[in-house]
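A short worksheet on the structure shown next.
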Amino acid sequence: DLGSATDILCHMMPFYSYDIPHTCGPDPKICCQFDFKRLPGGRYGCPWGVPPEAISPGNVQSRAQMLLDQYRKKSKLFRTKVLLAPLGDDFRFSEYTEWDLQCRNYEQLFSYMNSQPHLKVKIQFGTLSDYFDALEKAVAAEKKSSQSVFPALSGDFFTYADRDDHYWSGYFTSRPFYKRMDRIMESRIRAAEILYQLALKQAQKYKINKFLSSPHYTTLTEARRNLGLFQHHDAITGTAKDWVVVDYGTRLFQSLNSLEKIIGDSAFLLILKDKKLYQSDPSKAFLEMDTKQSSQDSLPQKIIIQLSAQEPRYLVVYNPFEQERHSVVSIRVNSATVKVLSDSGKPVEVQVSAVWNDMRTISQAAYEVSFLAHIPPLGLKVFKILESQSSSSHLADYVLYNNDGLAENGIFHVKNMVDAGDAITIENPFLAIWFDRSGLMEKVRRKEDSRQHELKVQFLWYGTTNKRDKSGAYLFLPDGQGQPYVSLRPPFVRVTRGRIYSDVTCFLEHVTHKVRLYNIQGIEGQSMEVSNIVNIRNVHNREIVMRISSKINNQNRYYTDLNGYQIQPRRTMSKLPLQANVYPMCTMAYIQDAEHRLTLLSAQSLGASSMASGQIEVFMDRRLMQDDNRGLGQGVHDNKITANLFRILLEKRSAVNMPRGEYVWWRHPAQYKCSKVSNPLLTVQLWLSVLVPVNHFSVCMEYRCSHFQMGKGYSDEAALILHRKGFDCQFSSRGIGLPCSTTQGKVILKLFNKFAVESLVPSSLSLMHSPPDAQNMSEVSLSPMEISTFRIRLRWT
């Protein structure tokens with residue numbers, strides 16, 4: 001928005017805090033005397049040593065003049081004569097006595113001030129709406145517009161500091177286990193909502209009462225509420241007490257399990273040819289996810305599918321993304337002689353890889369099977385898996401470095417490299433990567449132009465300052481620059497090479513770091529998948545960081561996203577302390593120069609920075625033993641074994657001339673990949689030895705659908721939320737299936753295969769309000785980066 005149509009009028013608090021001592025004016029010693037909960041004899045006092053006085057006719061004049069003096073001094077900082085003085089704090093007004101004390105004393109002060117014309121003040125209790133209404137009237141009285149009276153800021157308010165060098169950049173990373181869990185929950189709710197909506201329409205058409213009478217709608221509502229609850233400013237931020245974190249995690253964990261049941265039942269109904277064969281047993285699911293999480297603070301584990309030659313298993317793969325997907329599916333089975341058949345009955349090329357019980361021991365009871373799945377938008381496909389000696393599977397090969405010994409290899413070829421001087425390399429049709437002997441990436445060659453690029457990965461530690469105030473859940477107060485992670489001995493390194501993917505894994509004491517290349521076309525083959533299993537439960541006052549270094553000359557500029565929608569330019573400023581140059585990264589960060597862009601895509605929200613030219617740093621976990629005096633009252637030492645997932649994308653910029661005045665658009669392939677990272681394919685297995693007849697179809701529904709109804713039970717409407725993304729066409733989109741040409745934001749509602757749109761009415765994003773002139777629509781137009789919400793009624797055809 002280059003104009004002012006989307007401007008938001010924002011009130012700024014000018015002092016240290018929002019509590020009563022810091023909101024009446026610049027002197028907290030005086031303001032605290034007007035917090036009447038702190039009257040002598042109560043539980044709280046004023047730390048400045050001067051207590052409040054109850055207001056009486058004998059002191060009202062002097063006390064009113066003292067308070068008004070603070071109000072006048074504060075008013076000099078604002079551009080109108082309207083002043084807001086908040087009266088409250090956390091955990092206040094929980095008892096009637098406080099309401100009575102504050103109201104009775106302030107009413108006497110107000111009455112006196114308003115009765116004295118020479119004071120030239122009008123004062124009253126009011127709400128925020130009252131304040132902004134009065135502000136608008138004051139501006140209108142001056143016959144000016146808000147745009148001309150108030151300054152305009154483009155950007156955001158990160159990174160915040162309340163005093164000195166106390167920047168609140170620590171919470172961007174605190175409790176990263178739950179930040180990742182939140183993102184998984186978002187993806188799972190989206191998948192469950194869409195599948196449930198589609199299945200519900202079929203159940204209504206075919207009168208499948210077992211589905212219609214299921215508690216799925218209530219369960220979906222509860223899951224949404226639990227996810228919404230976790231957006232609290234002390235939940236997703238990681239700034240709650242340990243026992244509260246456990247409660248949040250338990251709610252998310254329980255909802256994740258409930259959503260699996262909804263996804264399984266809905267997908268089962270959708271793939272059935274004869275809908276009347278649908279059954280739903282509350283205690284058992286016909287379709288189950290291929291991963292299980294045993295508790296709220298443990299990592300999900302792949303389950304082992306038991307195969308036999310006589311009774312094939314069926315795997316249902318769902319694409320929750322609004323674009324066609326060509327992605328690798330990996331499952332675990334109990335046999336290495338496995339055949340996978342597509343929905344058309346044709347054999348699919350398979351890579352069989354070892355399952356490692358630990359970093360050196362191969363399991364003899366489980367094998368990983370990986371194959372490429374082509375799934376249409378929001379589509380379901382069924383794959384048949386069976387044990388077969390005539391399978392078209394290919395075993396992965398392994399090379400081990402810095403190894404002391406190996407247990408039984410089984411069927412796999414494992415080579416132990418002792419004194420090899422050659423660099424470690426892996427490649428696919430798009431990229432070749434070189435690693436050092438510690439298994440850390442050093443350089444990359446893009447095969448499109450055959451150029452090599454320095455791209456180094458290293459790990460760092462940040463400590464905390466030795467001053468009185470130290471890092472905690474909110475604050476990042478480092479003891480200087482990050483120090484390189486040092487291993488006492490060369491880490492064990494395992495290289496996997498296969499038909500479907502190849503990877504390099506290095507095992508450090510606190511991080512298991514893996515870089516993987518997929519041998520597939522499209523954006524997933526053009527990027528590098530990076531996964532880190534982080535465990536810092538045995539360290540004190542340390543924060544662990546992954547740094548990616550390149551030769552890109554980004555001139556102290558880098559970019560992070562806001563909420564996965566906008567991209568915000570950042571600048572590393574040497575005049576600010578190190579912690580001020582850390583910003584939140586919800587889904588991506590990148591650096592660029594005239595020739596290249598390096599993007600880090602993230603499956604979880606973390607803190608990120610670019611401390612030097614060519615670098616991106618991402619904070620992965622932090623363990624801090626003390627409180628930082630921002631209200632939590634404890635340190636952060638309930639760390640979990642945490643899985644962080646990233647993608648690295650290195651792209652060449654082309655000489656496309658962008659119109660002047662254009663703001664930062666998302667990178668086209670990077671944005672596409674970012675959505676995929678956030679919405680992975682879902683794999684569920686069908687617990688039937690003999691498969692009932694199924695449909696092989698895709699429901700092509702482009703955007704998110706979810707149910708909405710005031711009160712109880714589902715309605716006959718759903719929510720359709722459309723987001724038009726802004727594309728940056730300075731990059732090649734060859735091979736990713738997404739041309740840069742667009743429909744200029746026009747959406748004709750022939751989006752749905754198998755569905756007719758009966759009505760489409762615009763609504764607010766919350767679905768609580770519709771415009772007074774709202775009418776049924778057949779065509780929608782959106783500007784770049786805009787979001788529009790509609791109430792939609794669909795009919796299965």
Side-chain angles (χ1 to χ4, degrees), residues 183 430-431 433 441 443-446 448-449 451 453-457 515-518 522-532 546-570 572 583-620 644-654 656 658 663-679 725-736 738 740:
R183 194 67 60 82
F430 301 99
L431 300 168
I433 311 177
M441 183 160 48
K443 59 184 178 180
V444 173
R445 178 166 59 89
R446 297 178 71 250
E448 183 179 8
D449 56 14
R451 285 188 59 182
H453 303 267
E454 179 183 301
L455 206 61
K456 291 184 176 181
V457 170
V515 177
R516 176 173 290 185
L517 288 180
Y518 290 101
I523 193 67
E524 292 192 41
Q526 298 172 28
S527 58
M528 297 156 267
E529 182 181 273
V530 177
S531 60
N532 295 322
M546 180 175 70
R547 174 186 288 170
I548 304 165
S549 302
S550 71
K551 293 294 187 183
I552 290 176
N553 182 20
N554 58 306
Q555 299 180 336
N556 295 325
R557 295 178 181 272
Y558 66 107
Y559 303 81
T560 62
D561 72 294
L562 292 171
N563 299 324
Y565 290 113
Q566 293 85 15
I567 293 293
Q568 188 66 34
R570 311 293 187 189
T572 302
Y583 289 89
M585 173 190 65
C586 291
T587 63
M588 68 189 302
Y590 67 83
I591 57 174
Q592 64 183 12
D593 58 19
E595 293 186 356
H596 295 93
R597 179 180 289 180
L598 176 65
T599 305
L600 179 70
L601 303 161
S602 180
Q604 56 284 309
S605 299
L606 297 167
S609 65
S610 178
M611 295 301 180
S613 182
Q615 292 181 355
I616 297 176
E617 285 187 10
V618 57
F619 289 70
M620 297 189 301
N644 290 326
L645 181 64
F646 307 97
R647 284 270 180 169
I648 298 174
L649 187 62
L650 177 64
E651 301 163 284
K652 183 179 179 181
R653 301 181 77 179
S654 60
V656 175
M658 298 297 289
Y663 275 55
V664 181
W665 293 129
W666 280 47
R667 163 70 186 107
H668 192 190
Q671 182 184 27
Y672 178 58
K673 181 62 210 165
C674 189
S675 300
K676 286 186 171 184
V677 169
S678 297
N679 295 285
K725 297 163 184 173
F727 287 158
D728 180 352
C729 295
Q730 297 182 71
F731 300 85
S732 169
S733 57
R734 189 179 69 178
I736 65 169
L738 281 175
C740 236

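Just so you know, these numbers use all the heavy atoms, side chains as well, and skip hydrogens, waters and symmetry mates.
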Under the salt bridge (charged side-chain N to carboxylate O under 4.0 Å, His left out) rule, collect the residues that match up with Arg516, sequence neighbours excluded.
Asp503
Side chain to side chain contact (heavy atoms under 4.5 Å, CB included), that's the test. Do Gln592 and Tyr590 meet it? Break it down for me.
CA-CA 7 Å; Gln592 64 183 12; Tyr590 67 83; 3.7 Å; yes
Under the side-chain hydrogen bond (donor to acceptor under 3.5 Å, both in side chains) rule, collect the residues that match up with Tyr558, sequence neighbours excluded.
none
Determine which pairs satisfy ring-ring contact (aromatic ring centres under 6.0 Å, His included) with at least one residue from residues 595-616, sequence neighbours left out, and list them in order.
His453-His596
Strictly below 4.0 Å, N to O, side chains only: are Glu529 and Arg647 in salt-bridge contact?
yes
Quick one, Thr560 with Arg570, criterion side chain to side chain donor-acceptor pair (under 3.5 Å). Give me CA distance, side-chain angles, the key distance, then yes/no.
CA-CA 7 Å; Thr560 62; Arg570 311 293 187 189; 3.1 Å; yes
Donor-acceptor contact below 3.5 Å, side chain Thr572 vs main chain Ser610:
yes
Contacts of type ring-ring contact (aromatic ring centres under 6.0 Å, His included), residue Phe646, not counting sequence neighbours:
none
Check against side chain to side chain contact (heavy atoms under 4.5 Å, CB included), Met528 and Leu455:
CA-CA 12 Å; Met528 297 156 267; Leu455 206 61; 3.9 Å; yes
In sequence, state the C-alpha distance, the side-chain angles, and the governing distance for Ile567 and Met588, and then conclude on side chain to side chain contact (heavy atoms under 4.5 Å, CB included).
CA-CA 9 Å; Ile567 293 293; Met588 68 189 302; 3.8 Å; yes
Tell me, please, which residues at least two apart from Ser609 pass side-chain hydrogen bond (donor to acceptor under 3.5 Å, both in side chains).
none
Does Asp561 use its side chain to pair, donor to acceptor, with the backbone of Thr587 at less than 3.5 Å?
yes
side-chain hydrogen bond (donor to acceptor under 3.5 Å, both in side chains) filter on Asp449, not counting sequence neighbours, yields Arg446
By side chain to side chain contact (heavy atoms under 4.5 Å, CB included) - contacts of Lys551 (at least two apart):
Glu454
Nearest 0.5 Å, please: how far is NZ in Lys443 from OG in Ser550?
15.5 Å
Between Arg597 and Ile552, which heavy-atom pair has the shortest distance, and what is it?
C-CD1, 4.2 Å
I'd like to know if the side chain of Arg183 and the backbone of Cys586 have a donor-acceptor N/O pair within less than 3.5 Å.
yes
Using side chain to side chain contact (heavy atoms under 4.5 Å, CB included) as the criterion, list what pairs up with Gln555, not counting sequence neighbours.
Asn553
Strictly by salt bridge (charged side-chain N to carboxylate O under 4.0 Å, His left out), give each pair with a member in residues 585-596 just once, sequence neighbours left out.
Arg451-Glu595
Counterpart residues, side chain to side chain contact (heavy atoms under 4.5 Å, CB included), relative to Ile616 (two or more places apart)
Ile591, Leu598, Leu600
Side-chain (Asn644) to main-chain (Asn532) donor-acceptor, under 3.5 angstrom
no
Name the residue from Leu431, Val444, Val530, Leu601 that meets the side chain to side chain contact (heavy atoms under 4.5 Å, CB included) definition with Ile648.
Val530
Single hit among Thr599, Leu517, Leu649, Leu650 for side chain to side chain contact (heavy atoms under 4.5 Å, CB included) with Ser527
Leu649
Any salt bridge (charged side-chain N to carboxylate O under 4.0 Å, His left out) involving residues 607-618? Give me the pairs, sequence neighbours left out, ordered by first then second residue.
Arg547-Glu617
